[in-house]
Amino acid sequence: MARFATPPGREDFHEEVWDLARSIPVGRVSTYGRLAALATPPAGMDPAAYRAFGARWVGGAMAHCPDDVPWWRVINAQGKISPRDTAGEQRRLLEGEGVEFDAKGRVDLAIHAWGED
DNA sequence: ATTATGACTCCCA
DNA sequence: GTGGGAGCCATAA
């Protein structure tokens, strides 16, 4: 499996991402791209490439994160839960924290989004 | 060395 | 608002 979670020489990138994830308050959510933007991008990498793949690396980091990391508070830029086996459980966890989903199963990022403010 | 794929995002029809 | 394609990194086969 392509655990695409490692930018060139940035195994600690995971730790930074995990730390950012731990910084997400209860009842708030963030996106892969947002966390990637907050994390330190690999030097010399094209911003466009990082924008696109940084988000994937964040996803990869979440894929095998420690148990103390609130991976369920990380969703995609569409405000939806990324297709995954435990997507239903993720939604349940978020709802348990007070995060509201609309009829389309989407989170209102304007209210619950976190990462910059 | 080449091909396929991935917890993504952006752009355009 | 929805849907499909491109982007361009690293890992696995």
Side-chain angles (χ1 to χ4, degrees):
Chain A
M1 163 173 114
R3 60 179 82 177
F4 39 150
T6 44
R10 279 259 165 268
E11 185 68 26
D12 55 309
F13 180 84
H14 288 175
E15 296 182 9
E16 188 173 5
V17 171
W18 292 335
D19 194 50
L20 288 170
R22 295 189 188 95
S23 300
I24 303 174
V26 177
R28 293 290 180 85
V29 296
S30 189
T31 66
Y32 303 98
R34 193 66 62 101
L35 292 182
L38 293 175
T40 305
M45 184 177 184
D46 290 336
Y50 180 72
R51 181 182 58 183
F53 287 89
R56 290 185 171 185
W57 287 327
V58 171
M62 292 292 100
H64 69 100
C65 63
D67 294 336
D68 63 320
V69 176
W71 53 267
W72 57 88
R73 293 179 192 150
V74 183
I75 58 180
N76 59 34
Q78 298 177 3
K80 296 178 183 175
I81 297 173
S82 299
R84 194 192 69 181
D85 295 347
T86 60
E89 183 176 340
Q90 181 170 5
R91 172 168 176 165
R92 182 178 61 76
L93 288 168
L94 288 174
E95 289 178 330
E97 295 182 347
V99 177
E100 296 180 358
F101 287 79
D102 61 13
K104 300 183 183 65
R106 195 174 54 183
V107 177
D108 189 345
L109 293 177
I111 299 175
H112 297 287
W114 173 92
E116 292 180 350
D117 49 6

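Reckoned from all heavy atoms, side chains included, excluding hydrogens, waters and symmetry mates. Below, chain A is the first sequence line, B the second, and so on; all start at residue 1.
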Base, sugar-phosphate alone, or nothing: which one does A:K80 contact when heavy atoms must sit under 4.0 Å apart? nothing

Tell me whether the rings of A:F13 and A:W57 are parallel (<30°), tilted (30 to 60°) or perpendicular (>60°). perpendicular

Are any protein N/O atoms closer than 3.5 Å to N/O atoms in nucleotides 11-13 of chain B? If there are, list each pair with its distance.
none

Spacing between A:L93 atom CG and B:dA7 atom P, to the nearest angstrom: 19 Å

Specify the separation, in whole Å, of atom NE2 of A:H64 and atom C1' of C:dA10. 13 Å

Considering only B:dA7, B:dT9, C:dT2, which nucleotide approaches the side chain of A:A77 most closely? B:dT9

A side-chain contact here means heavy atoms from C-beta on lying under 4.5 Å apart; do A:Y32 and A:V74 qualify? yes

Euclidean distance, atom CG of residue A:L35 to atom C1' of B:dT9 [Å, nearest integer]: 14 Å

A:T31 side chain: which of B:dA7, C:dC9, B:dT9 is closest? B:dT9

What are the atom names and distances for every N/O pair under 3.5 Å that joins the protein to nucleotides 4-7 of chain C?
{"residue": "C:dG7", "atom": "O6", "partner": "A:R56", "partner atom": "NH2", "Å": "3.4"}

Using residues 66-73 of chain A as the side-chain source, report each donor-acceptor pair under 3.5 Å to any protein atom, sequence neighbours left out, with the distance given to one decimal.
{"residue": "A:D68", "atom": "OD2", "partner": "A:R22", "partner atom": "NE", "Å": "2.9"}
{"residue": "A:D68", "atom": "OD2", "partner": "A:R22", "partner atom": "NH2", "Å": "3.2"}
{"residue": "A:W72", "atom": "NE1", "partner": "A:E97", "partner atom": "OE2", "Å": "3.1"}
{"residue": "A:R73", "atom": "NE", "partner": "A:E97", "partner atom": "OE1", "Å": "3.0"}
{"residue": "A:R73", "atom": "NE", "partner": "A:E97", "partner atom": "OE2", "Å": "3.3"}
{"residue": "A:R73", "atom": "NH1", "partner": "A:I24", "partner atom": "O", "Å": "3.0"}
{"residue": "A:R73", "atom": "NH2", "partner": "A:E97", "partner atom": "OE2", "Å": "2.8"}

Find the distance A:H14:NE2 to C:dC9:C1' and express it as a whole number of Å. 12 Å

Tell me the interatomic distance from A:M62, atom CE, to B:dC8, atom C1', rounded to whole angstroms. 14 Å

By salt bridge (charged side-chain N to carboxylate O under 4.0 Å, His left out), A:E15 pairs with (sequence neighbours left out) none

Suppose we screen for salt bridge (charged side-chain N to carboxylate O under 4.0 Å, His left out). Which residues come up paired with A:R51, at least two apart in sequence or across chains? none

From CG of A:L38 over to P of B:dC8, roughly how many Å is that when rounded to an integer? 18 Å

Looking at residues at least two apart in the chain, or sitting in another chain, which of them share a salt bridge (charged side-chain N to carboxylate O under 4.0 Å, His left out) with A:D102? A:R106

Choosing from B:dA7, C:dA10, B:dT9, which nucleotide comes nearest the side chain of A:W57? C:dA10

Side-chain contact test, heavy atoms from C-beta onward, threshold under 4.5 Å: evaluate it for A:T40 versus A:E16 and give yes or no. yes

Side chains of A:L94 and A:H112 in contact at under 4.5 Å (non-hydrogen atoms): no

Consider the side chain of A:W71, meaning its heavy atoms from C-beta on, and name the nucleotide among B:dT9, B:dA7, C:dA10 that approaches it most closely. B:dA7

Which value, in whole Å, describes the distance between the P atoms of nucleotides C:dA13 and B:dA7? 16 Å

Is there side-chain contact between A:L109 and A:I75, with at least one heavy-atom pair below 4.5 Å? yes

Rounded distance in Å - CG (A:D85) to P (B:dG6): 12 Å

Rounded to the nearest Å, what distance is computed from the CD atom of residue A:E89 to the P atom of nucleotide B:dA7? 17 Å

